Amino acid sequence: MIASIMIEAYTALTPNGRKLAIMLEETGLAYEARLLDIAKGEPHAAWFRRLNPNGKIPVIRDTDTGRVVWESGPTLIYLAEKAGRLLPADPAARLDVLQWLFFQAGSLGPMSGQFNHFRLREGEPHALARYRSEVLRLLGVLDGALQERTYIGGAYSIADIALLPWIRAVQKWGLALDDFTHLERWYAHLTERPVVRRGFEVPTSSRPRETPTSRAQA
Ligand SMILES: N[C@@H](CCC(=O)N[C@@H](CS)C(=O)NCC(=O)O)C(=O)O
């Protein structure tokens, strides 16, 4: 028997959408991905702004509880707490993870997004150089932190999941990791995980999943 959907995941094929997809695959929670067309402005439609007043993906709705969560960081925290995985309970270890999660949401994500914006437009060389150098600096921060650890926040966590699609994106946007060997090793290691690969395929792999309860009933 297939479980009913537990998480409605409003997403798109972008780095912020992909981190949610990877997280859903990692936790094994039953979910359905609902793809929005950003080019057509769908996140700004009135029905979607009732879910997220900021008009951006990702958003989740938990059909168990009716809870809606927007902003990718809190969606990852919510899902980690629901699944009891990928976010330590110990306060000090938890803060280590949250620091890197906020680093992604507050620094790497916005700076990379602006870098891509100006990369795609001519006539703003100062802006492009500014964002490019800032993204490279942030990659250096990650590289330094990963020199002495396998995962960014201690054990494998939502911080790794939040960063991963952005590290993939900046490479697609022309920034190589050659000068960031520790970050490159981390990226190669994580993208070998079958579950992460499945996450990058969402929504094509999206489907309601069996839960332990439904399997026991089958
Ligand atoms: N701070 C937000 C950023 C979300 C965001 O920028 N989402 C983009 C896609 S990656 C989006 O929905 N853009 C649609 C738009 O701005 O029209 C988060 O972390 O969730």
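Position 1 is the first residue of the sequence, and the numbers go up from there. Note that this is a predicted model, so its numbers are computed, not measured. Order of listing sets the numbers, starting from 1, for every ligand and every atom in it.
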Asks: Quick test of your reading: applying salt bridge (Lys or Arg N to Asp or Glu O under 4.0 Å), list the pairs with at least one residue in residues 92-116, sequence neighbours left out, ordered by first then second residue.
Replies: E81-R94
Asks: Would you please write out the protein residues whose heavy atoms approach any atom of ligand 1 to under 4.0 angstrom, listed by chain and number?
Replies: T14, N16, I38, H44, K56, I57, P58, E71, S72
Asks: Taking 4.0 angstrom as the limit, do E134 and R137 come out as a salt bridge?
Replies: yes
Asks: Please write out which residues are connected to V195 in a hydrophobic cluster, directly or through intermediates, given that two of Ile, Leu, Val, Met, Phe, Trp, Tyr count as joined at side-chain heavy-atom separations below 4.5 angstrom.
Replies: none
Asks: Kindly write out the residues that satisfy side chain to side chain donor-acceptor pair (under 3.5 Å) with E8, not counting sequence neighbours, or none if the list is empty.
Replies: Y10, R61
Asks: Is it the case that over 12 heavy atoms from other parts of the model lie below 6.0 angstrom from the CZ atom of R149?
Replies: yes
Asks: Looking only at the side chains, is there a donor atom on one of Y78 and T65 sitting less than 3.5 Å from an acceptor on the other?
Replies: yes
